[in-house]
Undergrad: 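Sharing a structure with you now.
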Number of protein chains: 2
Amino acid sequence: MEGANEAGRAPRATASLHQRIVADVEGKIVSGEWPPGARIPFEIELCDFYGCSRMTVNKALGRLVDAGLIERRRKAGSFVSRPRSQAAVLEIHDIRAEVAALGLPYRFEITARARRSARSVDLGRIDLAGGAPVLALRCLHFAGERPFCAEDRLINLSAVPEAATEPFEDLSPGAWLVARVPWTDAQHRIGATNAARAVAAVLGIDVGTACLTIERRTWRAGEAITSVELTYPGAAHRLVARFTPTS
Amino acid sequence: MEGANEAGRAPRATASLHQRIVADVEGKIVSGEWPPGARIPFEIELCDFYGCSRMTVNKALGRLVDAGLIERRRKAGSFVSRPRSQAAVLEIHDIRAEVAALGLPYRFEITARARRSARSVDLGRIDLAGGAPVLALRCLHFAGERPFCAEDRLINLSAVPEAATEPFEDLSPGAWLVARVPWTDAQHRIGATNAARAVAAVLGIDVGTACLTIERRTWRAGEAITSVELTYPGAAHRLVARFTPTS
DNA sequence: AAGTGGTCTAGACCACTAC
DNA sequence: TAGTGGTCTAGACCACTTG
């Protein structure tokens with residue numbers, strides 16, 4: 001075919017044509033040349049410009065829709081999106097990896113462990129019926145000699161019965177669960193609290209020190225798997241998130 | 001064509017065929033039926049199964065690659081990805097929207113405003129050469145009668161000269177920037193700090209109260225746009241993030 | 001060497017919607 | 001109603017990688 005020889009295998013071969021179209025249009029948008037709300041060329045115009053078929057242009061523009069950079073309306077055309085809510089991708093690293101990133105040796109200790117039926121105090125933390133069997137764990141993570149993070153976790157033993165007999169010697173409860181139990185949904189709540197006496201004691205900080213708390217609940221197919229509250233000494237820790245374009 | 005009549009316009013018409021293929025494969029993966037590392041059917045096999053052309057299957061699998069659910073290797077086939085790092089999507093709402101979500105009336109006040117050349121103290125906060133013109137703003141956001149969040153912002157006037165004369169009457173500086181300046185990269189740091197006297201005074205809280213701090217820096221094409229530090233009274237605020245599968 | 005995915009085409013029909 | 005995007009096809013060639 002003519003188009004294939006003319007543009008599809010163009011000398012700048014390394015990138016495919018639809019990738020080049022994506023990059024070109026993206027460049028026009030982020031540079032401000034095509035500002036939010038502007039109409040970008042119709043598919044047919046881009047076909048002429050790049051000397052390719054409509055499918056190729058359509059594929060490229062489809063990716064830009066997925067990326068949230070443009071919106072398309074039949075008969076009207078394609079328009080540069082107006083940014084709506086920004087979304088940051090917060091990577092949830094394993095605590096071992098967080099400590100390793102600091103260049104410090106990592107270890108953890110299980111400081112409390114109890115198998116029990118879910119009590120009323122648990123029900124606010126994990127999405128269970130009263131009386132369901134749970135495993136309650138407390139765990140302290142160290143970076144070098146210093147406590148790095150205190151963990152308070154509930155595991156739903158109906159969903160993960162193997163946890164009852166797992167010693168958690170090599171892998172921390174979090175790492176063990178991630179490796180073993182696929183999750184389909186989860187929720188985070190991130191906040192700041194003044195360290196209560198008990199937390200201050202285990203973390204080796206003064207009472208009242210600001211701490212970053214991360215509460216994470218995980219479900220698989222609607223069934224609660226685990227709920228964990230992580231407490232980091234505030235001065236010693238920052239969550240770092242990388243932005244992604246509107247999505 | 002035979003395929004088009006048989007499956008393309010099937011009775012379950014509402015979703016397109018490639019969307020249905022995406023949903024089907026995604027279901028097999030998240031349900032665990034196709035565990036991480038498993039090979040999924042070849043394109044040709046899926047073509048037979050759905051009675052469609054290779055392009056349609058290819059489009060669907062391409063989306064799953066983008067979503068990080070599968071990886072594809074020529075000659076070998078397509079495989080369910082092994083989860084790497086978990087990532088939570090943290091939605092960065094406009095503060096007005098956050099307050100509105102609480103059902104409270106929103107307003108903000110600009111409490112300080114200065115145009116100056118970047119000083120050494122600024123350079124740690126924003127990615128600029130010394131002497132570059134910046135706009136320094138302090139802003140207080142209210143939920144009802146109570147202070148909700150204190151904002152301390154620097155704007156690079158080389159990148160956004162219009163900010164110099166913008167009164168920020170209708171839109172807060174953050175909302176104004178989001179609407180006006182497309183960003184290409186940004187970074188967040190989330191931490192906890194004990195309220196210093198100045199912050200405690202403006203937020204109406206006791207000195208030492210744990211506060212959630214969010215530091216956000218934004219760039220466009222490598223040029224710093226703005227840097228903002230938001231301080232929320234810790235007890236009054238939680239960041240909520242929703243999990244997404246591996247990405 | 002064979003088989004897979006990666007890409008592209010030229011055309012088609014349809015649905016939606018702006019005019 | 002006309003024009004746009006949404007979707008799909010049947011075939012083709014290529015590049016890569018595994019066996």
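Each chain gets a letter, A, B and so on, in the order its sequence line appears, and its residues count up from 1.
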Undergrad: Please give the angle, rounded to 10 degrees, between the axes at the start and the end of the helix from C/dA1-D/dT18 to C/dA18-D/dT1, where five pairs define each axis.
TA: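 For the helix from C/dA1-D/dT18 to C/dA18-D/dT1, the axes at either end differ by 10°.
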Undergrad: Ignoring backbone atoms, test whether A/S78 places a side-chain nitrogen or oxygen under 4.0 Å from the OP1 or OP2 oxygen of D/dT4.
TA: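 No.
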Undergrad: Take atom CZ of B/R39 as the centre, draw a 6.0 Å sphere, and report whether it contains more than 12 heavy atoms from other residues, nucleotides or ligands.
TA: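 Above 12, so yes.
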Undergrad: Write out a two-atom table: protein N or O, nucleotide N or O from nucleotides 15-17 of chain C, distance below 3.5 Å.
TA:
| unit_1 | atom_1 | unit_2 | atom_2 | d |
| --- | --- | --- | --- | --- |
| C/dA15 | N3 | A/R74 | NE | 3.2 |

Undergrad: As an exercise, state the distance from CZ of A/R153 to CZ of A/R216, rounded to the nearest 0.5 Å.
TA: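 It is 7.5 Å, given to the nearest 0.5 Å.
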Undergrad: State whether B/S16 places a side-chain N or O below 4.0 Å from either non-bridging phosphate oxygen (OP1 or OP2) of D/dT7.
TA: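 So the side-chain polar atoms of B/S16 do come within 4.0 Å of the phosphate oxygens OP1 or OP2 of D/dT7, strictly under.
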Undergrad: Would you kindly give the CG-to-C1' distance between B/D66 and C/dG5, to the nearest whole Å?
TA: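 One finds 15 Å between C1' of C/dG5 and CG of B/D66, rounded.
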Undergrad: Can you measure A/R54 atom CZ to D/dG6 atom C1' for me and round it to whole angstrom units?
TA: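 Roughly 7 Å, once rounded to whole Å.
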Undergrad: Expressed as a whole number of angstroms, how long is the span from A/R63:CZ to C/dT7:C1'?
TA: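 It is 11 Å, rounded to the nearest whole Å.
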Undergrad: Can you list the steps and then say if B/S227 with B/R217 is a side chain to side chain donor-acceptor pair (under 3.5 Å)?
TA: CA-CA 4 Å; B/S227 167; B/R217 302 179 184 206; 4.7 Å; no
Undergrad: Whole angstroms only, please: what is the CG-P distance between A/D48 and C/dA10?
TA: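 Interatomic distance, CG of A/D48 to P of C/dA10: 12 Å.
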Undergrad: Using atom CE of B/M55 as one end and atom P of D/dA10 as the other, report the distance to the nearest whole Å.
TA: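 Result: 13 Å.
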Undergrad: For the pair A/S81 (side chain) and A/G68 (backbone), establish whether a donor and an acceptor sit closer than 3.5 Å, ignoring hydrogens and angles.
TA: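 Answer holds: yes.
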Undergrad: Among A/Y106, A/F142, A/Y232, A/F108, find the residue that satisfies the ring pair (Phe, Tyr, Trp, His ring centres under 6.0 Å) test when tested with A/F148.
TA: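 It is A/Y232, the one option of A/Y106, A/F142, A/Y232, A/F108 that forms the ring pair (Phe, Tyr, Trp, His ring centres under 6.0 Å) with A/F148.
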Undergrad: Take the protein atom NE2 of B/H18 and the nucleotide atom C1' of D/dG6, then report the distance between them rounded to whole Å.
TA: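 Roughly 8 Å, once rounded to whole Å.
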Undergrad: Can you tell me how far the CZ atom of B/R107 sits from the CG atom of B/L140, to the nearest 0.5 Å?
TA: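 Interatomic distance, B/R107 CZ to B/L140 CG, rounded to 0.5 Å: 8.0 Å.
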Undergrad: So which of residues 37-46 of chain A are in contact with DNA chain D, with a heavy-atom cut-off of under 4.0 Å?
TA: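 Per residue number, the list reads A/F42, A/E43.
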Undergrad: Taking everything shown except A/I44 itself, do over 12 heavy atoms lie less than 6.0 Å from its CD1?
TA: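 Open: at most 12 neighbouring heavy atoms sit under 6.0 Å from CD1 of A/I44.
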Undergrad: Checking A/F49 now: which residues fulfil side-chain contact (heavy atoms from CB on, under 4.5 Å) with it, not counting sequence neighbours?
TA: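 Listed in chain order: nothing, the list is empty.
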Undergrad: OG1 of A/T218 to CG of A/L177: how many Å apart, nearest 0.5 Å?
TA: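 Output value for this atom pair is 8.0 Å.
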Undergrad: Rounding to a whole Å, what distance do you find between A/R20:CZ and C/dC8:P?
TA: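 Atom CZ in A/R20 sits about 11 Å away from atom P in C/dC8.
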Undergrad: Considering just the side-chain nitrogens and oxygens of A/T56, establish if one lies under 4.0 Å of OP1 or OP2 belonging to C/dT7.
TA: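 Result: no.
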Undergrad: Roughly, in whole Å, what's the span from CG in B/N58 to C1' in C/dT7?
TA: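 Going from CG in B/N58 over to C1' in C/dT7 covers 8 Å.
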Undergrad: Using ring-ring contact (aromatic ring centres under 6.0 Å, His included) as the criterion, list what pairs up with B/W176, not counting sequence neighbours.
TA: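 B/W176 satisfies ring-ring contact (aromatic ring centres under 6.0 Å, His included) with B/F168 only.
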Undergrad: Please output the side-chain donor-acceptor pairs of residues 55-63 of chain A that fall under 3.5 Å, not counting sequence neighbours, one pair per line with the distance.
TA:
| unit_1 | atom_1 | unit_2 | atom_2 | d |
| --- | --- | --- | --- | --- |
| A/N58 | ND2 | A/E43 | OE2 | 2.8 |
| A/R63 | NH1 | B/D66 | OD1 | 3.2 |
| A/R63 | NH1 | B/D66 | OD2 | 3.0 |

